[in-house]
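Every value quoted in this text rests on a predicted model; they were computed, and no experiment measured them. Any value given below was found using the heavy atoms of this structure, including those in side chains, with hydrogens, waters and symmetry copies removed. Whatever order the structure lists ligands and atoms in, that order sets their numbers, starting from 1.
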Amino acid sequence: MTNVTVIGTQWGDEGKGKIVDWLSIRADLVARFQGGHNAGHTIVLDQKVFKLSLLPSGIIRKKLSIIGNGVVIDPWALIKEIETIKKQGLKITTKILKISSKASLILPYHQKLDELRENAKGNNKIGTTGRGIGPAYEDKIGRRSIRVCDLYDTESRKIQLKTAITHHNTILKGLNKKPIQVAYINKILNKIAPILKPYITNTMDLIISANRSGKNVLFEGAQGTMLDIDHGTYPYVTSSNTVASQAATGSGIGPALIHNVLGITKAYTTRVGNGPFPTEQNNNTGELLGKIGHEFGVVTGRKRRCGWLDAVMVSYAIKLSGVNGIALTKLDVLDTFKEIKICIGYKLNNKIIKTVPETYTEMNKVKPVYEVLKGWQSSTQNCKKITDLPANAKKYIKQIEKLIECPISMISTSPEREDTILVKDPFKQVN
Ligand code: IMP
């Protein structure tokens, strides 16, 4: 039995959905362990496009799919997503979707607060997805979350709601906004509870017993390392830990069960929302990367900022998550470029550094140092083996491996699942 954890090594949108979908054939169970419906995973199956936010990507392959305790769940968004996927012809039954009773809920006041906070920030906006993710995680840490189990545990719900509403109404009063009515929240929770109840269970036990009976688990990370609450470009981050160790906490397993970690790295870099981005190309190159790569957010539709691959950043992500293999995605987006750049260091205060600065203010000041490689200017799509790739594409890959000191296990050259080159199976890789 082997478990694989998939994480993003950049600012999210690395193409995790396709890789998780591809790997889920080899997995018996797919589990989400952090984030919420701020995530957007696109999966193309038989030319049908599925856009997932909260549902684990394994659902498309009818794999047992788990929403772990580390996820924040907007129950209305989840039900809507289930309905949308059902309309696309996929059955989502209580046999294949399981929700942790310990996950925290996103309620309407979290979304409202997210919006109010962002509006109040003026030029310093984080550029959140506006889904209430931050306020919901704040309530979790503040011990006033309404959790999934509170949908039917009325005793605990009563106490939690009192604490949460007292807290939020104090804030709303200060902002001259209408208070939240407990009766209203109770009413909407009562309505949603019976719909979700059949999916709710002890997901920790499910995962552990699956492992004990020799089954493979795929842990599906959302967002990316540079959006991690501790290690990302704070405060321009999301409100959860996006690194691999969160797979343990966010699903209830011990860290020794995180066997292999596959880091997903896009062949260039993108970012949605505000915050530092050293290799950003605010020019024709950036426009071209965005156009060829269809770089628009799945969740908000926002245009993504685009730039060259940053090997300093990817190396940092590899260290943070103990990544032992990389899936390089969207290589085909670079097919037409004459020259391709890789950031190999940063210039800060007249010194060259090879590490990610600890503060966003310093990260804003760094100037990338590039290595320039020749493009291959031919198509990489339909390449089934690494040897099929154009010579300069192979050189690009070799150079990345050298710079990040980690092997590339998979290469993706189009959104279609068959356009994937497997170098080393992450389920078979030995740590
Ligand atoms: P939040 O997670 O909605 O609070 O947003 C915080 C930051 O994370 C913003 O810059 C968002 O654009 C970014 N973000 C959140 N989820 C994703 C994602 O799935 N992909 C890329 N960026 C994300």
Where on [X] is there a heavy atom closer than 4.0 Å to ligand 1, on the side chain, on the backbone, on both, or on neither?
| X | value |
| --- | --- |
| Tyr236 | neither |
| Asn38 | both |
| Val237 | backbone |
| Arg131 | neither |

**Report entry** Single hit among Arg271, Lys330, Arg305 for salt bridge (charged side-chain N to carboxylate O under 4.0 Å, His left out) with Glu295
**Finding:** Lys330

Protein residue, atom and distance nearest to [atom], heavy-atom basis:
| atom | result |
| --- | --- |
| atom 14 (N) of ligand 1 | Leu227 CD1, 3.8 Å |
| atom 5 (O) of ligand 1 | Thr128 CA, 3.3 Å |
| atom 21 (C) of ligand 1 | Asp13 OD2, 3.1 Å |
| atom 10 (O) of ligand 1 | Val272 O, 3.2 Å |
| atom 11 (C) of ligand 1 | Gly127 O, 3.5 Å |
| atom 3 (O) of ligand 1 | Thr129 OG1, 2.5 Å |

Heteroatom proximity flag, [X] to ligand 1, N/O under 3.5 Å:
| X | result |
| --- | --- |
| Gln223 | yes |
| Ile133 | no |
| Arg302 | yes |
| Thr238 | yes |

Query raised in the report: Taking the six-membered ring for Trp, are Phe219 and Phe33 parallel (under 30°), tilted (30 to 60°) or perpendicular (over 60°)?
Result: perpendicular

Query raised in the report: Should the ring pair His168 and Tyr109 be called parallel, tilted or perpendicular, given that the plane angle runs from 0 to 90° and is split at 30 and 60?
Result: tilted

Query raised in the report: Given Lys341, which of Thr285, Leu373, Val372, Thr279 fulfils the side-chain contact (heavy atoms from CB on, under 4.5 Å) condition?
Result: Val372

Query raised in the report: Should we say atom NZ of Lys173 is surrounded by more than 12 heavy atoms from elsewhere, each under 6.0 Å from it?
Result: no

**Report entry** Min side-chain heavy-atom separation Gln223-Gln34 under 4.5 Å
**Finding:** yes

Query raised in the report: Under 4.5 Å between any side-chain heavy atoms of Asp228 and Val237, yes or no?
Result: no

**Report entry** For Trp11, atoms of ligand 1 separated by under 4.0 Å from a heavy atom
**Finding:** 21 (C), 22 (N)

Query raised in the report: Quick one: does Ala39 get within less than 4.0 Å of ligand 1, heavy atoms only?
Result: yes

Report task. Using a strict cut-off of less than 4.0 Å between a Lys/Arg side-chain nitrogen and an Asp/Glu carboxylate oxygen, indicate whether Arg117 and Glu138 qualify as a salt bridge. Result -> yes

Requested in this report: In plain terms, say whether Glu14 and Lys266 are close enough for a salt bridge, that is, a side-chain N and a carboxylate O under 4.0 Å apart.
Outcome: no

Query - Aromatic Tyr346 / basic Lys367 pairing, under 6.0 angstrom, 45° off normal - result: no

